[in-house]
Protein chains: 2
Amino acid sequence: MDLNQFLPYQLSILSLKISKGIAEHYQDQFGINISEWRVLVILYKNPDITAKKIALLSQMDKVRISRTLKSLVQKDYLTPTQHPLDARAKNYELNKRGRYLMRAVIPDALRYEENLLSQLSNEERNQLHHLIAKFNRIIG
Amino acid sequence: MDLNQFLPYQLSILSLKISKGIAEHYQDQFGINISEWRVLVILYKNPDITAKKIALLSQMDKVRISRTLKSLVQKDYLTPTQHPLDARAKNYELNKRGRYLMRAVIPDALRYEENLLSQLSNEERNQLHHLIAKFNRIIG
DNA sequence: CGCATTTAGTTTCATTTGAAACTATTTTTA
DNA sequence: TAAAAATAGTTTCAAATGAAACTAAATGCG
């Protein structure tokens with residue numbers, strides 16, 4: 001039994017390193033953390049949705065979403081509007097500053113990913129996607 | 001830009017799911033957390049080493065190691081002995097209860113891993129190992 | 001309708017985490 | 001050597017996390 005050969009251990013070390021690298025990068029470059037980054041990306045593609053919908057799309061739990069939205073509104077990247085049919089809910093939308101931020105964040109993210117992937121061959125990329133999909137099926 | 005297609009996101013979701021599954025499993029089966037599990041595995045292979053050495057082997061930081069060792073000694077799985085040459089350090093070793101615990105934990109871990117891997121073909125397993133090694137080289 | 005249940009989101013609380021400061025000891029260097 | 005620097009490990013503190021309890025509103029049902 002060798003810890004360094006143990007798959008779940010390897011996976012967790014690897015992904016922790018990658019996330020940590022990204023988190024630092026976004027903090028430095030844009031002053032946002034990973035939760036904020038995720039919510040921003042979701043609102044970029046899905047304008048005017050509620051916290052509930054964001055939770056659905058992001059796999060984050062509602063407490064974290066609530067806090068993240070609060071902080072993004074405070075930082076003035078988002079504008080909330082009262083939900084027309086449900087007094088408990090608000091819709092959130094990137095405002096001008098938010099859209100401006102995302103015009104820098106999105107290409108940066110794609111560059112970051114491309115930089116990772118550029119070091120793999122086409123075959124390796126395909127294998128990677130296949131394996132991720134397969135694990136997701138296995139684990140559910 | 002689709003979050004669900006974004007590699008770092010996919011990796012972190014995947015590894016989070018796997019770690020969470022394992023953490024619950026070990027808590028339920030043996031009443032130990034992942035830090036404790038890691039330290040136990042390391043001491044199983046490397047008896048009589050110091051916290052420093054454990055940190056080196058586990059990639060965990062020294063605060064976490066210190067707390068984990070404390071809790072494992074409290075749970076009476078480890079016996080510390082004064083380091084012969086350095087009054088600041090102790091050597092740690094699995095005691096009787098610890099060895100007994102590990103006789104259950106190790107096969108269980110291997111079974112857990114085998115269960116994951118059994119759902120991959122030989123080719124997929126090779127690809128997986130290759131990709132993990134490659135990412136480790138890329139990221140350092 | 002009117003009471004019970006569910007749902008959206010927030011707050012509270014206890015736990016986990018790790019950086020920074022700290023203690024105690026060992027090693028280096030002048 | 002004796003003072004300075006480095007090292008092993010612990011404690012302190014503040015931030016992040018998420019389960020559980022909570023508030024307020026919407027929905028279901030008799």
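Naming convention: chains lettered A, B, ... in sequence-line order (proteins, then strands); numbering from 1 in each chain. Just so it is clear, the model here is predicted, and its values are computed rather than measured. FYI, side chains are in, hydrogens and waters are out, and symmetry mates aren't considered; it's all heavy atoms of this structure.
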Grab the [atom1]-[atom2] distance between [X] and [N] for me, whole Å please.
X: A/Lys70; N: D/dA16; atom1: NZ; atom2: C1'; answer: 15 Å
X: A/Leu78; N: C/dG9; atom1: CG; atom2: P; answer: 14 Å
X: B/Arg64; N: D/dT11; atom1: CZ; atom2: C1'; answer: 18 Å
X: A/Lys62; N: D/dA16; atom1: NZ; atom2: P; answer: 21 Å
X: B/Tyr92; N: D/dG9; atom1: OH; atom2: P; answer: 7 Å
X: A/Glu36; N: D/dT17; atom1: CD; atom2: C1'; answer: 15 Å
X: A/Ile65; N: C/dA8; atom1: CD1; atom2: P; answer: 13 Å
X: B/Leu69; N: D/dT11; atom1: CG; atom2: P; answer: 13 Å

Are A/Tyr9 and B/Trp37, when compared by the centres of their aromatic rings, separated by less than 6.0 Å? no
message: Applying a 4.0 Å non-hydrogen cut-off, can you work out what A/Lys52 is touching in the nucleic acid: base, sugar-phosphate, or nothing?
response: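 Contact class for A/Lys52: sugar-phosphate only.
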Nucleotide nearest B/Asp86 when distance is taken to its side chain, options D/dA26, C/dT25, D/dG9
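Of the options given, the side chain of B/Asp86 lies nearest C/dT25.
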Under 3.5 Å, side chain of [X] to main-chain N/O of [Y], donor-acceptor pair present?
X: B/Arg97; Y: B/Lys75; result: yes
X: B/Glu113; Y: B/Leu110; result: no
X: A/Gln10; Y: A/Asn4; result: yes

Next on the checklist: Looking at the base of D/dG18, is there any donor atom on it, or on the side chain of A/Arg67, that sits under 3.5 Å from an acceptor on the other one?
Outcome noted: yes
With nearest nucleotides of DNA chain C determined for B/Ala87 and A/Val63 from heavy-atom distances, which residue corresponds to the more 5′ nucleotide?
->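 Looking at the nearest nucleotide for each, A/Val63 comes out on the 5' side.
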Please confirm whether the shortest side-chain N or O distance from A/Ser66 to OP1 or OP2 of C/dG9 is below 4.0 Å.
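False: A/Ser66 side-chain N/O out of range (4.0 Å or more) of C/dG9 OP1/OP2.
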Comparing nearest nucleotides in DNA chain D, the 5'-proximal residue of the pair B/Ala51, A/Leu85 is B/Ala51
Discussion item. Looking at B/Glu123, I'd like to know if its CD atom is crowded, meaning that more than 12 non-hydrogen atoms belonging to other residues, nucleotides or ligands lie closer than 6.0 Å.
Written reply: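 No, because the 6.0 Å sphere around CD of B/Glu123 holds 12 heavy atoms or fewer from other groups.
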